[in-house]
Amino acid sequence: MSVLTKEAYGPTGDAAYHLELSVLEAGLRALPRLPSDTGRLALLALRRPDGARELPERVRLSLEDGFPGDGWSRRPPRDPEAQLAVMRRDVAELIANGQPLELFGDNLYVDFDISASNLPVGSMLRVGAATVVVTPKPHNGCAKFHARFGADALRFVAAKSTRDQNLRGVYWRVVEGGEIFVDAPVRVLSRP
């Protein structure tokens with residue numbers, strides 16, 4: 001196991017791209033309904049020690065390291081309930097408003113319904129050749145999210161009225177390692 005150390009902050013956002021809350025809410029209403037049983041993995045992102053992001057086409061998830069080479073396996077706290085950060089691609093595109101999606105710092109961006117009603121805690125999924133489980137840890141916006149996307153974006157993802165949609169994303173933990181890749185299927189295996 002590698003030594004856990006503090007790392008670089010990562011990329012910064014551009015305030016010129018920040019959207020007002022009303023624009024984000026209208027954009028969410030305009031998004032098409034996502035599949036609930038089978039979707040796809042749209043983007044992979046790896047956080048390097050220098051804060052830069054890589055966008056690999058494929059990676060082999062592991063129980064010990066999650067997304068090998070990613071910041072989770074190097075930085076404290078190494079919380080197994082936050083092993084893989086996952087976000088809906090369409091919501092990320094809405095919030096980013098033209099900025100690169102890897103700015104978020106999530107590992108997996110999916111075209112799939114990750115709402116609490118569709119994927120309650122404990123749901124098992126097959127992503128490519130790996131199996132993951134939805135963890136109970138909430139994925140909330142933080143100071144980095146606020147700086148990159150603005151105060152209204154933080155209010156948008158934290159709003160009580162839509163909190164169950166997991167607009168900021170969810171966390172998954174690897175339960176069976178395997179290769180995943182861009183355009184890999186994401187399929188629900190079971191729900192509690």
Side-chain angles (χ1 to χ4, degrees), residues 1-14 39-93 95-96 98-112 114 119 121 123-149 157 166-187 189:
M1 186 186 320
S2 58
V3 175
L4 301 177
T5 60
K6 292 275 185 192
E7 295 187 354
Y9 179 84
T12 58
D14 184 341
R40 78 176 190 100
L41 181 56
L43 181 72
L44 299 168
L46 171 96
R47 298 167 295 183
R48 295 189 339 207
D50 63 1
R53 308 291 199 254
E54 289 181 26
L55 301 175
E57 287 293 313
R58 58 183 59 239
V59 67
R60 183 170 181 77
L61 297 181
S62 74
L63 276 68
E64 182 178 293
D65 292 323
F67 195 121
D70 182 63
W72 177 85
S73 65
R74 294 185 309 268
R75 292 189 309 237
R78 190 173 182 172
D79 181 354
E81 300 299 307
Q83 192 176 46
L84 299 171
V86 183
M87 191 169 184
R88 281 177 44 182
R89 180 196 50 83
D90 60 348
V91 171
E93 287 177 344
I95 295 168
Q99 296 182 89
L101 296 189
E102 61 269 22
L103 185 60
F104 285 93
D106 292 81
N107 304 116
L108 311 177
Y109 298 82
V110 296
D111 292 327
F112 188 71
I114 61 170
L119 290 182
V121 170
S123 295
M124 303 280 287
L125 300 104
R126 189 78 165 168
V127 181
T131 303
V132 299
V133 64
V134 178
T135 75
K137 185 172 183 72
H139 191 3
N140 301 317
C142 61
K144 288 181 184 180
F145 185 91
H146 179 274
R148 291 170 180 161
F149 305 108
V157 299
N166 292 322
L167 299 178
R168 176 59 193 98
V170 294
Y171 287 111
W172 292 349
R173 179 176 45 83
V174 178
V175 294
E176 180 185 335
E179 187 173 71
I180 64 171
F181 51 91
V182 172
D183 289 326
V186 176
R187 181 173 50 90
L189 297 176

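All values below were derived from every heavy atom in this structure, side-chain atoms included, with hydrogens, water molecules and symmetry-related copies excluded. Heads up: numbering here begins at 1 and tracks the sequence.
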Let me confirm one number: the CG-CD distance from N107 to Q83, rounded to the nearest 0.5 Å.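 N107 CG to Q83 CD: 9.0 Å, rounded to 0.5 Å.
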For [X], what residues pass the side-chain hydrogen bond (donor to acceptor under 3.5 Å, both in side chains) criterion, not counting sequence neighbours?
X    : value
D111 : R40, R89
D14  : none
E54  : none
D106 : H139, R168

Side-chain contact, heavy-atom cut-off 4.5 Å: [X] with [Y]?
X    : Y    : value
E81  : P136 : yes
V59  : P68  : yes
I95  : V157 : yes
V170 : L119 : no

Exam field: side chain R53 to backbone G51, donor-acceptor pair closer than 3.5 Å: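 Yes.
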Is there a donor-acceptor contact under 3.5 Å from the side chain of R88 to the main chain of L167?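 No: the side chain of R88 does not pair with the backbone of L167.
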With the threshold set at 4.0 Å, does a side-chain nitrogen-carboxylate oxygen contact exist between D65 and R78?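 A salt bridge is present here (some side-chain N lies under 4.0 Å from a carboxylate O).
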Residues in side chain to side chain contact (heavy atoms under 4.5 Å, CB included) contact with [X], at least two apart in sequence or another chain:
X    : value
L189 : M124, R126, T131, R187
A82  : D79, K137, Y171
L43  : L55, L101, Y109
P185 : F181

With under 30° as parallel and over 60° as perpendicular, where do the rings of F104 and F145 fit, or are they tilted in between?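 F104 vs F145 ring planes: tilted.
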Take L44 and L108, measure what side-chain contact (heavy atoms from CB on, under 4.5 Å) needs, and give me the verdict at the end. CA-CA 5 Å; L44 299 168; L108 311 177; 3.3 Å; yes
Please find the pair of heavy atoms, one from V86 and one from I114, that lie closest to each other, and give the distance.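 Taking V86 first and I114 second, the nearest heavy atoms are O-CD1, 4.1 Å.
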Could you tell me which non-hydrogen atom of P56 sits nearest to which non-hydrogen atom of F67, and how far apart they are?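 Heavy-atom minimum between the residues: CG-CZ, 4.0 Å.
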